[in-house]
Peer 1: 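Next up is a structure, given as structure tokens.
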Protein chains: 2
Amino acid sequence: MGLPVPPRRVTIIDVARHAQVSTTAVSKVLRNAYGASPEMRAKVRRSIDELGYRPHAGARGLRGQTYTIGVMLPDIRNPFFPEILDGITASLEDTEYQVFLGPGCNGEQAEARVTEAMIDRGMDGIILVAPVSSRAHLERVAASVPTVVVGRQGASPAYDTVADEDYEGAALVVGHLARLGHRRIAHIEHHETDPTRLAEMPNARRADGYRQAMRAHGLAEWIDVVSATYTQEGGYQGAKELLARPRRSTAVFAGADIVAMGVLEAFTEAGLSVPGDISVAGYDNTTFAALGQISLTSVDQAGHEMGGNAVRLLLERITDRRRPSVQVTLSPTLVPRRTTGRPGE
Amino acid sequence: MGLPVPPRRVTIIDVARHAQVSTTAVSKVLRNAYGASPEMRAKVRRSIDELGYRPHAGARGLRGQTYTIGVMLPDIRNPFFPEILDGITASLEDTEYQVFLGPGCNGEQAEARVTEAMIDRGMDGIILVAPVSSRAHLERVAASVPTVVVGRQGASPAYDTVADEDYEGAALVVGHLARLGHRRIAHIEHHETDPTRLAEMPNARRADGYRQAMRAHGLAEWIDVVSATYTQEGGYQGAKELLARPRRSTAVFAGADIVAMGVLEAFTEAGLSVPGDISVAGYDNTTFAALGQISLTSVDQAGHEMGGNAVRLLLERITDRRRPSVQVTLSPTLVPRRTTGRPGE
DNA sequence: TTGAAAGCGCTAACAG
DNA sequence: CTGTTAGCGCTTTCAA
């Protein structure tokens, strides 16, 4: 059963016939374009409603726009990204644009596939969140469609960027811990080898920010960085490594909340109390950092604002593709919770 | 600068010219369609590679398919959904189809907007995960595009379904707790009023499954259901309510992991130890249930398999739109962790 | 202000 | 097996 014959879609021709005008007129009304009298607009609008007409985006795209914005998120599991997405959808809610997300990407190859798929579908603009692709690829993408890169530093004339100042975020954590009386503050970073990305990716900047802040607080001699990956397992292993040190740290700054989760697990396993024996801080202020059971001190990146700014820049660029590129940098804030306290309490 | 003039896209005509064949020939090669000699195929493929040609999905969609599958997830924050998504993308990886996600939807209106947007973009098929829309709307959608509904019971001739047997999941939890020696097992449900959805939505079925299982274990007199919402706050409030009861339960079955998180928070606040004083179980086996710090007993829905099945059914239906609808039901499994133990220990 | 007509890139139907 | 032709639904000249 199930209506084997899907009823033919209502097209612009049906609307034109119903309203007794030309398709051109209907098109003008759809796009709020110049050259249609108020009476005609009203008449056309009525027909559109009566017939339940909705324009076919693919067909529109062949000549004009598809009114579609693509968003690429690296990992849908990371609870930080929904914040950005909320900011994006909220800003786009009252426009005609529709957002679609690429599926979780990990690695340059997956990113290439998704970005190409977006371009092939005629999307009017794309927002890339924390992409790992080479700058060359990003610029190639930006050459064929308006693009905004979010959560990654590195200005380019080809695309706009919106990012959090990770140096500052790292400094907030180190400052907070130092103020509590910690000196031996260790850091677990996500290892980065690619030379281009080294300066642009948040993980690298957090590690640098940590080093810089330690020096600024006169704690240079206690700088201790463990290389791992931004995963729970990475945090677990990194914490193990720290525990094996002859002089144990009194605080650990994990480069991401998910890393902090692994750290907490390792400490619990080792019978250490947090923050009694050792303090732990994360980064991203993810949903589970806020869970009462965990209550992790973290850094909030204002994801919502990031998303909102990204949309603003993107719409501007869709309007004027040759305007000079813009870089927006937002300041993170510290969210102290129960995993950090005075040392040796 | 940023290349103010985006280079014209390579079209099928360019490829045809380069390979010295007709556009029809190129089209056939693209679609692996019948009627092209191996030599011609090779020649065309070479030209495609040399020119870096990629077909324009919108244009294809005007006559044939767009090779695009839309997936609607209700809430990107719920860590259960990525599992389904992984199953979907994994099954689609080696096909020409590309997945795009609708942005997080809450409520019927948002769902309507997203499903319509997908149809307007000529998507070849759509997968709706735990939609809250009325059955009528779902059938309207399914009438214009092949559709699979995931995570919601309720067979329809218009679409296929893939769901977990929530009765069974609830029974697993009750059985587990009963076997540990619990009798006073309470349940926190997500309140459902809509009569149509009542029988189809997972939350309602979990509550029913709980009641049924309690009876089956001879614990009918201890049935105790608190109505809340599937949120952390809902769990917190629900737990408060349970604590105010004259006879306290020794175990709580929360309808979802996120609810269990709120429950745990309330119990911690009340100075109760888990599972010493009271056991807690959730549902969905989300990422944070597995976190060492939380270690929540939960029910695993085999999201990956759900996604894989959804894709299989969808591709089948894209091939043959009039084949009778299919319902796939998967069995959940219990994942016992540290939040459940013997009562009164 | 209005509409006729061309064409976006591709596929399907058909003829050779 | 191969190519010609006619659209798909819309926007965009451009002439009236």
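Quantities reported herein were computed from a predicted structural model and do not represent experimental measurements. Each chain gets a letter, A, B and so on, in the order the sequences are listed, and its residues count up from 1.
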Peer 1: For residues Pro202(B) and Gly151(B), report the shortest heavy-atom separation together with the two atoms involved.
Peer 2: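 Here Pro202(B) and Gly151(B) meet closest at CG-O, 3.3 Å.
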Peer 1: Round to a whole Å and report the spacing from CG of Asp120(A) to P of dC8(C).
Peer 2: 19 Å
Peer 1: Taking OP1 and OP2 of dG9(C), is either one under 4.0 Å from a side-chain nitrogen or oxygen of Thr11(B)?
Peer 2: no
Peer 1: I need the minimum non-hydrogen distance between Ala158(A) and Arg317(A), along with the two atoms involved.
Peer 2: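 Heavy atoms of Ala158(A) and Arg317(A) come nearest at O-NH1, 4.4 Å.
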Peer 1: I need the residues from residues 28-49 of chain A with at least one non-hydrogen atom less than 4.0 Å from DNA chain C; give them sorted by number, or say none.
Peer 2: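 Nucleic-acid contacts, sorted: Lys28(A), Tyr34(A), Gly35(A), Ala36(A), Ser37(A), Met40(A).
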Peer 1: Of the non-hydrogen atoms in Met72(B) and Val114(B), which two are nearest, and what is the gap between them?
Peer 2: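 Reported closest heavy-atom pair: CG-CG1, 4.1 Å.
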Peer 1: For the residue pair Ser156(A) and Ser325(A), what are the closest heavy atoms and their distance?
Peer 2: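 Of all heavy-atom pairs spanning Ser156(A) and Ser325(A), the closest is O-OG, 2.8 Å.
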Peer 1: Separation of Arg17(B) atom CZ from dG3(D) atom P, in whole Å?
Peer 2: 15 Å
Peer 1: Tell me the interatomic distance from Arg54(A), atom CZ, to dG9(D), atom P, rounded to whole angstroms.
Peer 2: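 Those two atoms, CZ and P, are 14 Å apart.
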Peer 1: Just how far, in rounded Å, is P of dT11(D) from CD1 of Ile13(A)?
Peer 2: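 Those two atoms, CD1 and P, are 12 Å apart.
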Peer 1: What is the separation between atom CZ on Arg8(A) and atom P on dG9(D), rounded to the nearest whole Å?
Peer 2: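 From Arg8(A) CZ to dG9(D) P: 7 Å.
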Peer 1: State, to 0.1 Å, how close Ala59(B) and Leu62(A) come at their nearest heavy-atom pair, and which atoms those are.
Peer 2: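 Minimum heavy-atom contact is CB-CD1, 3.6 Å.
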Peer 1: Can you name the nearest heavy-atom pair linking Tyr97(A) to Ile318(A), along with the distance?
Peer 2: OH-CG2, 3.9 Å
Peer 1: Start with the C-alpha gap between Asp120(A) and Arg9(B), add the side-chain angles, then the distance that decides, and say whether salt bridge (charged side-chain N to carboxylate O under 4.0 Å, His left out) holds.
Peer 2: CA-CA 10 Å; Asp120(A) 296 346; Arg9(B) 231 184 123 90; 2.9 Å; yes
Peer 1: Nearest to the side chain of Thr24(B) - dG9(D), dA12(C), dT12(D)?
Peer 2: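 Minimum distance to the Thr24(B) side chain belongs to dA12(C).
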Peer 1: Looking at DNA chain D, which of residues 59-67 of chain B put a heavy atom within less than 4.0 Å of it?
Peer 2: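 Close to the strand are Leu62(B), Arg63(B).
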Peer 1: Give me the one residue out of Glu139(A), Glu108(A), Arg152(A), Glu111(A) that meets side-chain hydrogen bond (donor to acceptor under 3.5 Å, both in side chains) with Ser133(A).
Peer 2: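 Looking at Glu139(A), Glu108(A), Arg152(A), Glu111(A), the match for Ser133(A) under the side-chain hydrogen bond (donor to acceptor under 3.5 Å, both in side chains) is Glu111(A).
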Peer 1: Set out, in order, the CA-CA distance, both residues' side-chain angles and the distance that settles salt bridge (charged side-chain N to carboxylate O under 4.0 Å, His left out) for Glu316(B) and Arg312(B), then state yes or no.
Peer 2: CA-CA 6 Å; Glu316(B) 279 175 28; Arg312(B) 184 174 55 78; 3.3 Å; yes
Peer 1: Let's see if you can work this out: which of dG3(C), dT11(C), dT5(D) has an atom nearest to the side-chain heavy atoms of Ile12(B)?
Peer 2: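 Selected nucleotide: dT11(C).
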